[in-house]
Amino acid sequence: MEKFRQRLLKILDTAPELKAIMISEHPLEMKRKRIKDFLTDRLVSTFSDDPTIEPLEWVVARDAIRAFSAMLSIRNEKLIGHSLLQYMEDLIHGNDSWNLKKPSSGFFSELEHLLRGIIGNTGIYPVKVPAFMKHEGRKAAKLRSSDLSRMSRTAQRFIDRYPCGLDKSAVRRRSINKSRILKHYGATELEWEDWKWHVRHIVKDAETLGSLIKLTNEDYRAVKLAREQRIPFGVTPYYLSLMDYEEDRARDYAVRAQVIPSLNYVENMVSARESSEHSMDFMLERDTSPVEGITRRYPMIAILKPVLTCPQICVYCQRNWEIEDVHSSDAILSNNKLDKAIQWLSDTPEINEVLITGGDPFLLSNRRIEALLSRLSKIRHIQRIRIGTRTPVTVPQRITESLVRTINRFHVPAKREIVLVTHFEHPYEITPQSMAAVQKFKRYGMAVYNQLVYTFYNSRKFEASALRLKLRLIGVTPYYTFNTKGKEETDDFRVPIARLLQEQKEEVRLLPGTVRTDEIVFNVPGLGKNYLRSLQQHDLISILPDGRRVYEFHPWEEKLALADTYVYTDVSIHDYLKRLKAAGEETSHYRTIWYYY
Ligand code: SF4
């Protein structure tokens with residue numbers, strides 16, 4: 001432990017006043033009080049235009065002081081059962097050294113950046129004041145304009161790194177892939193255009209997958225184990241054609257990661273299932289379902305789930321606890337249960353919007369979809385029907401003229417709106433076929449939105465921005481960006497909340513307003529969406545020895561009604577940056593991540 005003690009003391013050199021308090025022999029509670037006084041003094045000095053603090057550093061200092069103050073709160077310590085202050089005390093004074101958890105590099109990195117923030121010495125701003133600030137009028141405008149052009153070019157360089165499925169070279173590659181798949185099945189071009197052919201030929205096993213694209217040994221073992229353990233897995237032939245043949249994941253890594261589980265994921269799923277099935281219901285859907293097939297978390301909106309499966313399964317799916325298998329025939333809600341769910345909607349006049357999701361409702365036949373929309377349309381208080389589907393991405397052949405015409409019959413301006421919410425994850429998923437599917441809805445005047453799940457595989461610098469820009473061009477409006485859920489089995493996908501906040505501030509903010517239309521949200525289990533941009537809706541309340549941050553999320557009802565808050569342990573920023581580095585990223589591009597709380 002001595003080496004950890006020395007490392008901590010070295011970091012405390014960043015803030016000598018704090019170090020003096022921590023190494024003193026005063027009782028812990030006196031130290032707590034003195035640190036609080038120190039932080040108050042720092043806060044006052046940042047607001048009094050302290051000349052030792054660079055411009056804008058005061059904003060970072062203010063936020064860091066606020067975060068550290070929350071970590072010292074006895075209430076917060078009780079809430080999570082851990083005291084950062086006590087932990088530092090034990091490390092420095094050698095108390096309880098046998099039982100003390102070893103501090104990780106992530107812990108030290110967090111602490112160091114926190115202290116740098118508090119004393120206003122982050123070094124994230126250039127020392128030189130931009131030239132335009134020293135001038136006025138046209139001269140200032142020209143200098144500013146060239147600064148902005150420089151920023152735009154930098155952003156564009158990042159954006160251009162990410163391949164798009166509309167690129168001519170990608171279209172060519174996919175055409176070759178399609179021929180290979182058709183040859184494997186002895187099928188025709190006409191069959192390829194038929195969505196039912198794709199659904200009938202969903203690839204569900206490692207052998208077939210391995211004969212159509214190259215797999216690493218680990219991929220093969222993961223898929224094999226998933227199938228043996230009845231963990232849903234499946235890929236439509238169309239989506240398979242989006243994958244490059246080679247297994248190097250150079251271009252298609254996001255596409256492959258979307259459906260090919262890692263061994264780590266499969267093993268975690270197996271043990272999660274063994275320990276408790278309920279633990280995997282991260283969103284506590286069972287506690288928010290007043291009647292089978294319905295979920296309600298908000299006053300005016302309800303979710304209707306007529307089908308509990310999809311043409312293929314996203315590895316991180318929050319519903320993996322209830323999805324039995326890819327495209328399984330018994331995943332359709334029985335007529336009796338559907339009747340009861342629709343009756344519940346009819347009997348609940350406060351609901352004016354229904355989200356039909358699942359699963360993917362476009363697995364239902366046109367006839368069933370028509371019947372469902374027809375019944376919902378008879379409920380006078382339902383003004384909007386949202387349909388959540390990923391078929392424009394997984395099997396765009398499903399979006400036929402007749403399906404769109406059928407749906408459009410219920411889209412009646414001023415009376416009832418039908419909107420599509422789809423789920424593109426990466427620009428490499430956007431293809432001429434998916435664009436055509438979207439355009440069919442647009443031609444009939446129906447809006448198409450996108451819900452993005454922000455995962456490790458689309459979180460590189462400007463990667464999600466590249467997606468948003470392309471989505472707008474094909475007619476899709478970015479709607480929500482979700483933080484990946486805190487389920488252990490999906491750790492491979494999780495991204496620290498700080499990265500989402502950084503992405504919004506430093507990347508998305510550069511895009512035109514018509515493109516940055518989505519809201520970043522954390523879906524609080526059992527409660528619903530928490531707007532991450534609003535500091536008033538969450539607090540960073542601790543850092544654990546393993547470097548993970550602990551947040552307290554407030555329910556959306558905050559200031560409206562009483563409801564529980566939710567404590568959430570994030571993934572470590574240090575570990576995330578390590579993974580990015582291993583994936584070839586220059587981590588200095590992400591250096592400000594520590595200053596997002
Ligand atoms: S499309 Fe949605 S419901 Fe279907 S597997 Fe993916 S995340 Fe789950």
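One-based numbering, in listed order, for ligands and for the atoms of each. Counting from 1, the numbers follow the sequence of the chain as shown. The analysis underlying the following values was restricted to heavy atoms, covering all of them including side chains, and did not include hydrogens, waters or symmetry mates.
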Side-chain donor-acceptor distances from residues 437-447 under 3.5 Å, at least two apart:
unit_1 : atom_1 : unit_2 : atom_2 : d
Gln439 : NE2    : Ile474 : O      : 2.9
Lys440 : NZ     : Ile399 : O      : 2.8
Lys442 : NZ     : Gly475 : O      : 3.2

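Within the structure, the closest approach of Asp360 to ligand 1 does not fall below 4.0 Å when heavy atoms are considered.
For Cys314, heavy-atom contacts with ligand 1 shorter than 4.0 Å involve the backbone as well as the side chain.
Of the listed options Gln258, Gln312, Arg390, Arg390 places a heavy atom closest to atom 1 (S) of ligand 1.
The pair Glu507-Arg516 does not meet the salt-bridge criterion, since no charged nitrogen lies less than 4.0 angstrom from a carboxylate oxygen. Salt-bridge formation is detected for the pair Glu370/Arg409: a Lys NZ or Arg NE/NH1/NH2 atom is positioned less than 4.0 Å from an Asp or Glu carboxylate oxygen.
Taking 2.8 Å as the criterion, Cys317 counts as a coordinating residue of atom 8 (Fe) of ligand 1, since one of its N, O or S atoms falls below it.
Interface of Cys310 with ligand 1, defined as ligand atoms under 4.0 Å from a residue heavy atom, comprises 1 (S), 3 (S), 4 (Fe), 5 (S).
Under the 3.5 Å distance criterion, with hydrogens and angles disregarded, a donor-acceptor pair is assigned to the side chains of Asp360 and Thr389.
A distance below 6.0 Å separates the ring centres of Trp197 and Tyr185.
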